Amino acid sequence: MIDKLNAPQREAVTLAAQHALVLAGAGSGKTRVLTTRMAWLIQTGQVSPQGLLAVTFTNKAAREMLARVAALMPLDPRGLWIGTFHGLCNRMLRAHHRDAGLPQAFQILDTSDQLAAIKRLLKANAVDDEKYPPRDVQRFINGAKEDGQRPRDVEAFDSFRRRMIEIYTLYEAQCQREGVVDFPELLLRAYELLSRNEPIRSHYQRRFRHVLVDEFQDTNTLQYKWLTLLAGGGAIMFAVGDDDQSIYAFRGANVGNMADFERDYAHGTVIRLEQNYRSFGHILDAANALISHNDGRLGKNLWTEQGEGEQIRVVEQPTDLLEARWLVDEVRGLISDGRDRSQIAVLYRSNAQSRVIEHGLFSAGVAYKVYGGLRFFERQEVKHALAYLRLMANANDDTSFMRVVNFPPRGIGARTLEQLGDQAKAFDTSLSAAVARVAGKGGSNLAQFALMIQRLAHETRELPLPEMVEHVIAQSGLIEHYQQDREGADRIENLNELVSAAAAFASEANVSGLPAGVVIVPDAQTTTLDTTPAESDFAESLTRSAGSGVDESGTYVADSNVDLSAAQLPDSGLRGASVGLAEGPFTAFEGGFGGLSPLTAFLSHASLEAGDNQAQAGQDAVQLMTVHAAKGLEFDAVFITGLEEGLFPHENSILEQAGLEEERRLMYVAITRARERLYFSLAQSRMLHGQTRYAMRSRFLSEVPDAHLKWLTPKQGFVDSEPRWKSSIDSGGATYGRQGAAAHAAVAPRSVTTGVTVGAQQFRIGQGVRHGRFGEGTIIGLSGSGLDAQAQIQFREVGAKTLALGVAKLEITQS
DNA sequence: TCCAGGCCCGTTTTT
DNA sequence: CGGGCCTGGA
């Protein structure tokens with residue numbers, strides 16, 4: 001198992017009882033180290049599978065981790081705590097729902113549900129949504145929660161924030177009344193549960209002997225606190241991450257956690273995985289050189305035993321359209337050279353850039369796949385169907401109520417709903433509880449709706465999950481509604497797909513991951529149960545112990561109906577429901593859903609795993625995605641497009657050092673996706689927001705040493721001619737090159753302006769200018785023309801500004 | 001209740 | 001330019 005590892009990998013895997021921080025560079029075998037360590041700890045008898053806690057950010061990563069550990073050794077997945085932060089917290093909250101102050105069937109609000117809930121709240125409380133836009137409120141609330149703050153913990157500097165805090169308070173009350181929990185709340189509740197409830201805390205602290213964290217650089221403040229609490233009983237922490245790949249600060253990730261972790265736990269036990277098994281030398285050295293421009297890194301230099309490989313091919317085109325055309329030709333060349341389409345990735349900084357590229361690929365008939373966009377459980381029709389199901393499980397869920405009360409239309413108008421809302425507010429009840437208080441025609445329609453939900457719940461009580469879902473979809477009127485709609489066929493298709501998803505979920509939950517049999521528990525010993533408050537759910541769960549125990553040899557034999565994890569808890573003695581809950585592929589335990597109704601289990605699954613993020617599951621296709629989406633993936637050939645100042649690095653990020661450094665890390669991530677071949681491309685002008693914008697080359701191009709670059713277009717740039725580029729495909733390149741040039745001659749503009757004339761002045765990118773107030777600067781971007789013309793100027797003293805050229809008085813100091 | 005047309009806005013995204 | 005959202009009129 002460990003003999004195939006390199007020295008630092010082996011060191012990390014076999015590290016004895018001490019905390020460690022593993023700095024794992026791109027392509028250095030991070031997942032391998034993590035999974036091998038888990039298997040090694042178990043096999044050498046240092047921990048039982050139940051004593052492990054392994055946390056990731058995405059379901060995909062959790063699945064992969066489980067699959068890879070299971071490939072290394074026989075393992076029953078059911079008692080394992082491998083999952084996402086949110087999944088594991090959900091599991092904990094379900095098991096201890098009473099201690100956490102929640103109904104067992106609490107519903108999980110996804111981001112859009114949460115926004116809808118906030119809008120409803122603002123309306124009900126007559127909050128000025130000009131001054132307090134729902135999105136800002138959402139950001140405020142989630143930001144606070146991610147820092148571990150309840151309303152009373154948030155500082156109120158001014159009246160604006162005071163009001164925000166009031167709204168936060170109201171929002172909490174609303175969620176509590178409705179029995180719903182948003183994403184950050186899952187974490188905060190779980191954290192508070194542990195910190196306030198000593199028996200529960202010490203149970204988990206005793207249970208988890210090893211805590212392993214993936215992508216540690218992406219953790220936020222609350223996640224770090226949660227981990228610290230869980231590991232508080234002397235567990236050994238093993239954090240794997242790469243500060244150079246931290247690209248999620250904008251959503252709360254705190255890279256500083258890595259340095260804190262080193263100080264708080266690792267004390268110098270920092271292991272660096274620097275040998276890269278993915279890319280050739282030029283690519284790796286380019287990445288190293290680029291990232292060295294960042295300050296405050298923990299420090300790391302990737303190397304490879306593979307050769308130098310090819311230089312990075314660089315192409316500059318006059319327009320985004322031509323950039324796309326060039327790209328399409330190059331992609332076709334790669335394909336005709338025998339490369340798999342799926343091994344070719346086109347990366348861009350922002351989604352808007354995909355449009356031109358898609359268009360180009362489409363016209364050329366090249367199969368492609370775009371990642372990003374709506375996922376299965378986020379589709380409108382699927383959410384509608386889920387809302388019916390959620391109401392059946394929890395009638396107080398007002399968000400779901402509002403979503404479907406009049407969908408499909410059943411004569412319940414805004415007026416009626418307003419009355420209903422007033423009644424609910426006056427009596428402090430849920431909307432569905434207030435139905436009886438609304439009279440009139442609208443009232444009777446409402447009553448019918450409420451009755452239908454009750455009827456559905458009653459009718460489907462005994463049905464297996466997939467049939468329940470099928471029944472609800474049919475009876476809700478959704479199918480009929482979409483049949484009327486000319487574009488409804490896809491939606492009906494998706495509703496049927498939801499039934500299949502329910503079937504898959506149910507069968508996964510009922511099938512054990514491995515045949516019943518032997519699980520090795522080397523350090524098996526059962527401790528007595530004590531110190532548990534008799535009245536809590538926790539105590540209840542303890543009494544629900546599974547049938548048999550562990551024999552003298554530490555081996556447990558069970559039939560497939562018994563939850564192995566519940567039967568053998570060597571280090572804690574806890575048995576029962578609190579260990580069996582999970583989402584995703586490891587939902588199976590106790591032959592079902594761990595005390596949750598199948599419906600509730602399915603609904604949390606739907607909220608926590610929104611489904612695949614890829615548009616069309618197609619055959620072999622070229623992969624299009626943002627750089628963010630590419631993290632963790634690798635391809636033989638990679639195109640990094642749109643390398644222009646203002647785009648990559650993005651203009652919203654260049655003003656601050658931290659922002660710029662994150663952009664640079666993003667570029668680092670992009671470069672390190674490539675195995676063999678890498679392209680950089682840029683366009684001198686680009687259609688953006690309906691305007692043509694001109695931009696300079698990205699600074700990242702000049703941060704990569706020339707030795708690694710091979711310009712296919714003149715490095716000096718074009719002046720007045722159409723582009724000419726050399727084919728990079730040596731074999732058969734002639735055809736491709738000629739075709740390319742011929743095809744483009746027709747569309748290439750006769751001359752390319754990178755300048756704008758306003759009055760008597762001609763402005764160009766790169767020019768030096770002086771402004772009365774801001775001082776000396778350089779033009780870094782131009783957009784628009786005539787009176788609308790604007791310039792982005794990097795001023796020496798005051799940073800970047802965007803000025804209207806028709807208004808601002810600028811003196812040209814240097815052309 | 002529904003639809004059309006006007007208006008605003010425009011990085012990155014997982015759970 | 002294009003998409004999402006809201007409003008106002010039928």
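The structure displayed is predicted, hence computed values, not measured ones.
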Original post:
Please give, in whole Å, the distance from dT15(B) P to Asp182(A) CG?
Top reply: 16 Å
**OP:** Looking at every strand, decide which applies to Tyr248(A) at a 4.0 Å heavy-atom threshold: base, sugar-phosphate, or nothing.
**Re:** sugar-phosphate
Original post:
The side chain of Lys119(A) lies closest to which of these nucleotides: dC6(C), dT14(B), dT11(B)?
Top reply: dC6(C)
Original post:
Of all the choices, dT12(B), dT14(B), dT15(B), which nucleotide is nearest to the side chain of Arg251(A) once you look at every atom?
Top reply: dT14(B)
Original post:
Just to confirm, is there a sub-4.0 Å distance from OP1 or OP2 of dT13(B) to any side-chain nitrogen or oxygen of Arg375(A)?
Top reply: no
Please table the atom pairs, donor to acceptor, closer than 3.5 Å between any side-chain atom in residues 623-630 of chain A and protein atoms at least two apart or in another chain.
from: Gln623(A); atom 1: OE1; to: Tyr371(A); atom 2: OH; distance (Å): 2.6
from: Gln623(A); atom 1: NE2; to: Ala621(A); atom 2: O; distance (Å): 2.8
from: Thr626(A); atom 1: OG1; to: Ala629(A); atom 2: N; distance (Å): 3.1
from: His628(A); atom 1: NE2; to: Ile247(A); atom 2: O; distance (Å): 3.3

Subject >> Polar side chain donor-acceptor pair, Arg63(A) to Asn59(A), under 3.5 angstrom >> reply: no
**OP:** Rounded to the nearest angstrom, tell me the gap between atom CD in Glu644(A) and atom P in dT11(B).
**Re:** 15 Å
Original post:
Asn652(A) side chain: which of dT11(B), dT15(B), dT13(B) is closest?
Top reply: dT11(B)
Original post:
Please give, in whole Å, the distance from dT15(B) P to Phe85(A) CZ?
Top reply: 13 Å
Original post:
Under 4.0 Å between a side-chain N or O of Arg355(A) and OP1 or OP2 of dG3(C)?
Top reply: yes
**OP:** With the side chain of Asn351(A) defined as its heavy atoms from C-beta on, choose the nearest nucleotide among dT12(B), dT14(B), dT1(B).
**Re:** dT12(B)
**OP:** Ignoring backbone atoms, test whether Ser653(A) places a side-chain nitrogen or oxygen under 4.0 Å from the OP1 or OP2 oxygen of dT12(B).
**Re:** no
**OP:** Figure out the CD1/C1' separation between Ile412(A) and dC2(B), and round it to whole Å.
**Re:** 17 Å
Subject >> Presence of donor-acceptor pair under 3.5 Å, side chain of Thr111(A) and base of dT15(B) >> reply: yes
**OP:** Return the orientation label for the Phe407(A) and His384(A) ring planes: parallel under 30°, perpendicular over 60°, tilted otherwise.
**Re:** parallel
**OP:** Nearest whole angstrom, please: distance from the C1' of dT11(B) to the CD of Glu656(A).
**Re:** 14 Å
Subject >> Reference residue Glu644(A); test salt bridge (Lys or Arg N to Asp or Glu O under 4.0 Å); the match among Arg697(A), Arg699(A), Arg686(A), Arg693(A) >> reply: Arg686(A)
Original post:
Of Lys60(A) and Ile247(A), whose closest DNA chain B nucleotide lies nearer the 5' terminus?
Top reply: Ile247(A)
Subject >> Identified side-chain contact (heavy atoms from CB on, under 4.5 Å) partner of Leu53(A) from the options Val211(A), Leu80(A), Ile82(A), Leu212(A) >> reply: Val211(A)
**OP:** Give a yes/no answer on whether the side chain of Asn90(A) brings an N or O atom under 4.0 Å of OP1 or OP2 in dT15(B).
**Re:** no
Original post:
Relative to the 5' end of DNA chain B, which residue comes earlier, Ala414(A) or His628(A), by the nucleotide with the nearest heavy atom?
Top reply: Ala414(A)
Subject >> Length of the line joining Phe377(A):CZ and dT13(B):C1', which is rounded to integer Å >> reply: 19 Å
Original post:
Does His650(A) lie flat on the base of dT11(B), that is, centres under 5.5 Å apart and planes under 30° off?
Top reply: yes
**OP:** Have a look at Asn406(A) and say if it touches a base, only the backbone sugar-phosphate, or nothing, with a 4.0 Å heavy-atom cut-off.
**Re:** sugar-phosphate
Subject >> Nucleotide nearest Thr84(A) when distance is taken to its side chain, options dT11(B), dT13(B), dT15(B) >> reply: dT15(B)
Original post:
If you check the Pro409(A) side chain, which of dC2(B), dT15(B), dT11(B) turns out closest?
Top reply: dC2(B)
**OP:** Choose from dT15(B), dC6(C), dT11(B) the nucleotide whose nearest atom is closest to any side-chain atom of Glu663(A).
**Re:** dT11(B)
Original post:
Just checking, any donor-acceptor pair under 3.5 angstrom between side chains of Glu172(A) and Gln174(A)?
Top reply: no
**OP:** Rounded to whole angstrom, note down the C1' distance from dC5(C) over to dT12(B).
**Re:** 23 Å
**OP:** Scan Phe57(A) against the nucleic acid and name what it touches under 4.0 Å (heavy atoms): base, sugar-phosphate only, or nothing.
**Re:** sugar-phosphate
Subject >> Between dT13(B) (P) and Glu215(A) (CD): distance, integer Å >> reply: 15 Å
Subject >> Flag for Asn257(A)-Thr219(A): side-chain donor and acceptor within less than 3.5 Å >> reply: yes
Original post:
What integer number of Å spans the P atoms of dT13(B) and dG4(C)?
Top reply: 16 Å
Original post:
With a 4.0 Å cut-off on heavy atoms, is Ile654(A) in touch with a base, just the backbone sugar-phosphate, or nothing at all?
Top reply: nothing
Original post:
Once you round it to whole Å, what is the distance between C1' of dT14(B) and CD of Gln138(A)?
Top reply: 13 Å
